[in-house]
Each structure stands twice: as C-alpha cells, then as structure tokens.
Protein chains: 2
Amino acid sequence: MRSLTEIIESHIIDLLGRNEEDVVSLRRKELAEQFGCVPSQINYVLRSRFTPERGYLVESQRGGHGYIKILKICYDMPEEKVRHVEDLVGDSITEQGAKRLLLSLQSRNIIDARERLLIEVALRHIDDVGESTFDVSPYKRNVLQADLLKRMLRSLVFS
Amino acid sequence: MRSLTEIIESHIIDLLGRNEEDVVSLRRKELAEQFGCVPSQINYVLRSRFTPERGYLVESQRGGHGYIKILKICYDMPEEKVRHVEDLVGDSITEQGAKRLLLSLQSRNIIDARERLLIEVALRHIDDVGESTFDVSPYKRNVLQADLLKRMLRSLVFS
DNA sequence: AGTTTTTTGGTCAAAAATAGTCAATAAGAC
DNA sequence: GTCTTATTGACTATTTTTGACCAAAAAACT
C-alpha cells in the first residue's frame, strides 16, 4: 500500500504535468480535505518531497486568499549524464578540481557563467566557514565542498 | 481568485508601466471608490507591496489637492545595487526571510528561477551542516546564511 | 493675519481567513 | 529491536479587509 504522502506527491506531480506551465497553485485546506487528512500533512509532503534539491521551489502565503505554489525548475538531462557528473565530483573535491569541472560544464552549456559563479562562491564560503569558524581539516572541507557541489548540480539537473 | 490587494497592486504597476516616467500620482479616495473598498485598503496595498524592499518609494500629502506618489527606484551603479541588496539581507536572515527576498529579487529580474534554486540549495546546505555537523545555534545559523546570501548576491550584481 | 471649515491622507486595532511549527505517536524498513 | 518516515493535532503566525478615529494642508471666512 502506498502511503498517503506518496499519493499526495503523485497527485501534485500529476497536476504539474497536466498543466502547461511548470507551476501549480493549491489551497492547503482543500487539498487536505480532498485526501481526508490534516492540513499539516501537506506541509510534510512539501518538506519531504518538493525540496530545492529535487528541483522544486515552493512559495506560499497565509491569510485571506492564501495559497501554496509549487514550481518545477525543470531541465532535461539524461540520467546517465547526472551520474557521470556526480562521479566526477566524488566524495571529496579540491577547489581547483571544482573549478575545472564547473568550467567544463559551462563549456558544454549545462550551466551558464552566472550559475558557475554562484556555485564557486558557495563552495568558497563553506570552505572559509569550515576553516575559520569551525577549524575543520582541509580534507573534511573538501568533503563538505563535494557534498554542496553535488547538491547544487543535482538541483539543476533533476528532471 | 485574486485578492483585492493584488488587483490594486497590478493596477498601480500597470499605471507605472504605461507612464513614461518611473512615477505615478494618485488620489486615495478615488482609487478606493474605483475598487469599491475603504480608503485605508490603499494604505495597506502601499505598505505591503510598494516597499523599498521591492524597489519603490511612496510620498504623499494630505489636505486639498492631496496626493499619493509612487516612485520606482532605479540603481544605475552596481555598487548602489549591492548596498541596497546587502541592506535587505542584513546580518542575519531566516529561511523564510531569504525565500521572500529571493522571490522579490526574481520579480525584479535581478536573479532568475535557476539562480534562485541554486541559492536556496546553498542556504539549506549551510543550515544543515551548521545544525547537524557543527551543532550551531539557530541564530548563528541565520548569521551564516545571511553571510552566504550576501556573497552570492554580490557576485551576481557584478556579473 | 488669524480662525474655522473642508478636504485629504494616516494609524491602529479587530475580525476573518489562511498557512506553519513542533512534538507526540504510529507505522514501516532493516 | 532500533532507526527512519509518516500521521495527527494543538498551538502559533501571517495576511487581508474593514472601520472608527486622528492629523495635516489648503481654502474660505472673518
């Protein structure tokens, strides 16, 4: 038996697919009624399934005319390519290695210059924080960077 | 169904767009009559939608020939834009605050959806690492997030 | 010039409508 | 059996809408 969470997840994905746009707008209460659950179940589904790491952005507003919007930032890339990229990153990566990889992704138009810059800045930040605030060893910092790099690339690539 | 506030907001944005200038002048009472609401609804729209955070300034005057003027701020120099954005982030920012800011920056075409996604992933990563690997207090995690966010946005403004 | 009246806009708080959080359980996976 | 994931519900937070009352500027009238 599929869990309620999975059922609601597929329902939302279905709505997204049916729509021309990569966005769907919901009322939390209505959806909860439709599936006979408490409203906070919807939050659980969103938190666990529609994360940025999986390529989704969620916007919501409380109060009168409140809503929940789910956006799919959708870019198609073959699964094998994703795996390839993750293999290239590995469990640990140096700053130089990361830069080389990002340049290569940019040259293949998988990311653009601004996206590369954003990723480099984030990697640099985690390295700085690791070094100066938490006194993490260089190797462990490279592990943190690899983890972040994979997450960021996966979010862009997930389809 | 869109809220009254949104309808009035779009009307004002429409007026601004139609006008050559980056400014539009209104009578509060007339506008309220036009939309069949109480005058203070207009103040609510201004307070919640035409904020400096969203790139607007509002001036008004009471009495005979009173008016409300709405100006769109434009920054020609990159440095001004950076200062503005860094002010918006501040020294500490919550996940919710960051999401709201990023959405507003996207609506102002300062970032696009993919960039927003990348930034959210990076913010979540630093928060996760702060919490589970380094056991940092929630407040300190918000400081780390603000720092990262400022760095990422700064890099984009100059590119 | 000074005072009063009229014409504007501002503030604040209440009520209604939504959504979010958190922690306790329950169920499922290994 | 322990660990992770899912479900629930009580409590909290935010947003919109409305209206009563306040404040300022101009106009009208001494």
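Everything numeric in this text was worked out from a predicted model, so none of it was measured. Chain letters run A, B, ... following the sequence lines, proteins first, then strands; residues in each count from 1.
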Peer 1: For B:Y75, is the NZ or CZ atom of B:K81 found under 6.0 angstrom from the centre of its six-membered ring and inside 45 degrees of the ring axis?
Peer 2: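 Negative - B:K81 is either too far from the ring of B:Y75 or too far off its axis.
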Peer 1: Which atom pairs link the protein and nucleotides 26-30 of chain C when you take only N or O atoms and keep those under 3.5 Å?
Peer 2:
none

Peer 1: Given salt bridge (charged side-chain N to carboxylate O under 4.0 Å, His left out), test B:R83 with B:D87 step by step and report yes or no.
Peer 2: CA-CA 6 Å; B:R83 266 255 306 282; B:D87 274 358; 5.0 Å; no
Peer 1: With rounding to the nearest 0.5 Å, note down the distance linking CD in A:Q106 to CD1 in A:I119.
Peer 2: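 Reported value, rounded in 0.5 Å steps: 10.0 Å.
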Peer 1: Over how many whole Å does the gap from B:L31 atom CG to D:dT17 atom P extend?
Peer 2: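 One finds 14 Å between P of D:dT17 and CG of B:L31, rounded.
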Peer 1: Whole angstrom is fine here: how far is it from CZ in A:R28 over to C1' in D:dG9?
Peer 2: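 Taking atom C1' of D:dG9 as the reference, CZ of A:R28 is at 11 Å.
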Peer 1: Just the rounded figure in Å: distance from C1' of C:dT11 to CD1 of B:I42.
Peer 2: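 The distance from CD1 of B:I42 to C1' of C:dT11 comes to 16 Å, rounded to the nearest Å.
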Peer 1: Please check: side-chain N/O of B:S159 versus main-chain N/O of B:L156, any donor-acceptor pairing under 3.5 Å?
Peer 2: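 Answer holds: yes.
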Peer 1: Just N and O in the side chain of B:Y44: are any of them under 4.0 Å from OP1 or OP2 of D:dT17?
Peer 2: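 Checking D:dT17 against B:Y44, no side-chain N or O comes under 4.0 Å of OP1 or OP2.
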Peer 1: Which residue lies toward the 5' end of DNA chain D, B:L4 or B:Q96, if each is placed at its nearest nucleotide?
Peer 2: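 Nearest nucleotide further toward 5': that of B:Q96.
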Peer 1: Run the numbers on B:R116 and A:E59 for salt bridge (charged side-chain N to carboxylate O under 4.0 Å, His left out), then give the verdict.
Peer 2: CA-CA 12 Å; B:R116 176 154 66 108; A:E59 298 163 14; 2.9 Å; yes
Peer 1: Can you tell me if the side-chain N/O atoms of B:R100 get under 4.0 Å from OP1 or OP2 in D:dT15?
Peer 2: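 For D:dT15, OP1 or OP2 has a side-chain N or O of B:R100 closer than 4.0 Å.
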Peer 1: Over how many whole Å does the gap from A:K69 atom NZ to C:dG20 atom P extend?
Peer 2: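 Rounded to whole Å, this separation is 14 Å.
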Peer 1: Take atom CG of B:N43 and atom C1' of D:dA23, then tell me their distance rounded to the nearest Å.
Peer 2: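 Distance, rounded to whole Å: 13 Å.
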Peer 1: Parallel, tilted or perpendicular: which one describes the rings of A:F134 and B:F134, with boundaries at 30° and 60°?
Peer 2: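 Geometry flag for B:F134 against A:F134: parallel rings.
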Peer 1: For D:dA6, take OP1 and OP2 only and decide whether either is under 4.0 Å from a side-chain N or O of A:R49.
Peer 2: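 Yes, because at least one side-chain N or O of A:R49 sits under 4.0 Å from OP1 or OP2 of D:dA6.
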Peer 1: Please state how far atom CG in B:L26 lies from atom C1' in C:dG10, giving the value in whole angstrom units.
Peer 2: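 So the two atoms are 16 Å apart, to the nearest Å.
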Peer 1: Measure the CG-CG distance between A:L101 and A:L153 for me, rounded to the nearest 0.5 Å.
Peer 2: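 Result: 6.5 Å between the selected atoms.
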Peer 1: Do any N or O atoms from the side chain of A:S40 and from the backbone of A:N43 form a donor-acceptor pair under 3.5 angstrom?
Peer 2: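 No; judged by distance alone, with no hydrogens or angles, the pair does not exist.
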Peer 1: Once rounded to the nearest 0.5 Å, what's the spacing between atom CZ of B:R100 and atom CG of B:L105?
Peer 2: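 If we round to the nearest 0.5 Å, B:R100:CZ and B:L105:CG are 13.0 Å apart.
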Peer 1: Between B:K150 (side chain only) and B:G90 (backbone N and O only), is there a donor and an acceptor less than 3.5 Å apart?
Peer 2: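 Confirmed, B:K150 side chain pairs with B:G90 backbone.
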Peer 1: Ignoring hydrogens and angles, does a donor from either the side chain of B:S40 or the base of D:dG19 sit under 3.5 Å from an acceptor on the other?
Peer 2: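 Check passes, donor-acceptor contact within cut-off.
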Peer 1: Shorter than 3.5 Å, N or O on both sides, protein versus nucleotides 27-30 of chain D: list them out with atom names.
Peer 2:
| residue | atom | partner | partner atom | Å |
| --- | --- | --- | --- | --- |
| D:dA27 | OP1 | B:H65 | ND1 | 3.4 |

Peer 1: Within the 4.0 Å heavy-atom criterion, would you say A:I68 contacts the bases, only the backbone, or no part of the nucleic acid?
Peer 2: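 Sugar-phosphate contact only.
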Peer 1: Is B:R27 side chain donor-acceptor paired with the C:dG9 base, going by distance under 3.5 Å alone?
Peer 2: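 Result: no qualifying N/O pair found.
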Peer 1: Considering only side-chain heavy atoms of B:C37, which listed nucleotide, D:dT18, C:dG10, C:dG9, is closest?
Peer 2: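 The closest nucleotide is D:dT18.
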Peer 1: For the pair made of CG in B:L46 and P in C:dT8, what is the distance, rounded to whole Å?
Peer 2: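 That distance rounds to 18 Å.
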Peer 1: By a strict heavy-atom criterion of less than 4.0 Å, which residues belonging to residues 52-62 of chain B are in contact with DNA chain D?
Peer 2: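 B:Q61, B:R62 - these, ordered by number, are the residues of the stretch whose heavy atoms sit under 4.0 Å from the strand.
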Peer 1: Would you find a donor on one side and an acceptor on the other, under 3.5 Å apart, between the side chain of B:R28 and the backbone of B:Y67?
Peer 2: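 Answer holds: no.
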Peer 1: Using atom types as modelled and distance alone, determine if a side-chain donor or acceptor of A:R141 lies under 3.5 Å from a backbone N or O of A:V136.
Peer 2: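 A pair under 3.5 Å: yes.
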Peer 1: Touch check for A:G63, heavy atoms < 4.0 angstrom, all strands: base, sugar-phosphate only, or nothing?
Peer 2: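 The residue A:G63 makes base contact.
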Peer 1: Can you tell me how far P of D:dG9 sits from NZ of A:K29, to the nearest Å?
Peer 2: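 Value for this atom pair: 16 Å.
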